[in-house]
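Quick notes on the structure that follows.
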Amino acid sequence: QVQLVESGGGLLQDGGSLRLSCAASGGTFSSYAMGWFRQAPGKEREFVGAISRSGGTTYSADSMKGRLTISRDNAKNTVYLQMNSLKPEDTAVYYCAAAALSDRHMVVAGGNEYAYWGQGTQVTVSS
């Protein structure tokens, strides 16, 4: 059983930057590809980005391309989401999730591929 705890959310102004962290415990972190999702009030959960088990492959949602960097530190059991040029429409609860994939270089974007989820951290961008 993997436990995931996000941190780093907060309130910031339009155009600001933020780095979210997700700390994992209870499993072998390097066995899991990691993903970030978000859910805004009244909207469905949506994919933000993902990183492979090795860290060598990343994939971002079109809405975030050029504005985010995903990285991981397998020694620290932590995955990061660096977001820049944030907009009010980026306001949401951000979740990290873990997917047990056999391919070290694979990423997945579907939420149903992820077995473990964190509790989320709120990001609010004011105009």
Side-chain angles (χ1 to χ4, degrees):
Q1 188 79 4
V2 177
Q3 291 81 44
L4 302 172
V5 178
E6 302 93 338
S7 61
L11 174 64
L12 64 161
Q13 293 189 332
D14 192 353
S17 298
L18 199 64
R19 188 176 84 156
L20 304 182
S21 300
C22 172
S25 62
T28 303
F29 184 63
S30 60
S31 297
Y32 297 90
M34 300 299 294
W36 287 94
F37 294 78
R38 68 185 182 185
Q39 188 166 22
K43 295 188 176 181
E44 293 187 355
R45 183 183 64 199
E46 65 173 343
F47 171 76
V48 173
I51 187 167
S52 62
R53 289 172 49 198
S54 68
T57 305
T58 59
Y59 178 68
S60 305
D62 287 344
S63 61
M64 299 297 291
K65 275 198 169 81
R67 298 194 294 130
L68 72 82
T69 301
I70 301 175
S71 60
R72 66 188 293 162
D73 186 337
N74 285 345
K76 294 183 178 179
N77 293 349
T78 303
V79 61
Y80 305 97
L81 178 67
Q82 173 72 43
M83 299 185 289
N84 303 316
S85 302
L86 284 163
K87 310 169 186 177
E89 51 264 42
D90 294 317
T91 294
V93 177
Y94 283 72
Y95 300 90
C96 70
L101 302 180
S102 58
D103 187 331
R104 295 182 66 248
H105 307 294
M106 186 175 179
V107 294
V108 289
N112 58 1
E113 302 279 354
Y114 291 84
Y116 303 102
W117 293 80
Q119 83 290 347
T121 186
Q122 177 71 47
V123 174
T124 303
V125 184
S126 64
S127 58

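Given the structure is predicted, the values throughout are model-derived calculations rather than measurements.
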Using every non-hydrogen atom in the two residues, find where [X] and [Y] come nearest and quote the distance to one decimal.
X	Y	result
Ser30	Asn74	CB-ND2, 3.8 Å
Ser71	Val79	O-CG2, 3.2 Å
Leu101	Ala33	CD1-CB, 3.6 Å
Ala50	Val108	CB-O, 3.7 Å
Ser126	Leu11	CB-CD1, 4.5 Å

Joining Ile, Leu, Val, Met, Phe, Trp and Tyr whenever any side-chain heavy atoms lie under 4.5 Å apart, the cluster holding Tyr80 also takes in none
Output side-chain donor-acceptor pairs under 3.5 Å for residues 84-98, partner residues at least two apart or in another chain, one line each.
unit_1	atom_1	unit_2	atom_2	d
Asn84	OD1	Ser17	OG	3.1
Asn84	OD1	Gln82	NE2	3.0
Asp90	OD1	Arg38	NH1	2.9
Asp90	OD1	Arg67	NH2	3.1
Asp90	OD2	Arg67	NH1	2.8
Asp90	OD2	Arg67	NH2	3.4
Asp90	OD2	Lys87	N	2.8
Thr91	OG1	Pro88	O	2.9
Thr91	OG1	Val125	N	2.9
Thr91	OG1	Val125	O	3.4
Tyr94	OH	Arg38	NH1	2.9
Tyr94	OH	Asp90	O	2.6

Rounded at 0.5 Å granularity, tell me how far [atom1] in [X] sits from [atom2] in [Y].
X	Y	atom1	atom2	result
Ser63	Glu46	OG	CD	5.0 Å
Ile51	Trp36	CD1	CH2	11.0 Å
Met34	Asn77	CE	CG	9.5 Å
Gln119	Glu6	CD	CD	4.5 Å

If you group Ile, Leu, Val, Met, Phe, Trp and Tyr by side-chain heavy-atom gaps below 4.5 Å, do [X] and [Y] land in one group?
X	Y	result
Val107	Val48	no
Trp117	Val2	no
Leu18	Met64	yes

Tyr59 meets the ring pair (Phe, Tyr, Trp, His ring centres under 6.0 Å) criterion, sequence neighbours left out, with Phe47
Considering residues at least two apart in sequence or located in another chain, which fulfil the side chain to side chain contact (heavy atoms under 4.5 Å, CB included) criterion with Lys43? Ala40
Show me the side-chain donor-acceptor pairs of residues 20-27 shorter than 3.5 Å, one per line, residues at least two apart or across chains.
none

Side chain to side chain donor-acceptor pair (under 3.5 Å) contacts in which one or both residues fall within residues 101-116, not counting sequence neighbours: Ser54-His105
Whether the side chain of Thr28 engages the backbone of Ser31 through a donor-acceptor N/O pair (distance < 3.5 Å, no angle test) should be reported. no
Answer yes or no for Arg72 and Phe29: cation-pi contact, defined as NZ/CZ to six-membered ring centre under 6.0 Å and angle to ring axis within 45°. yes
Which residues pass the side-chain hydrogen bond (donor to acceptor under 3.5 Å, both in side chains) test with Thr124, sequence neighbours left out? Gln122
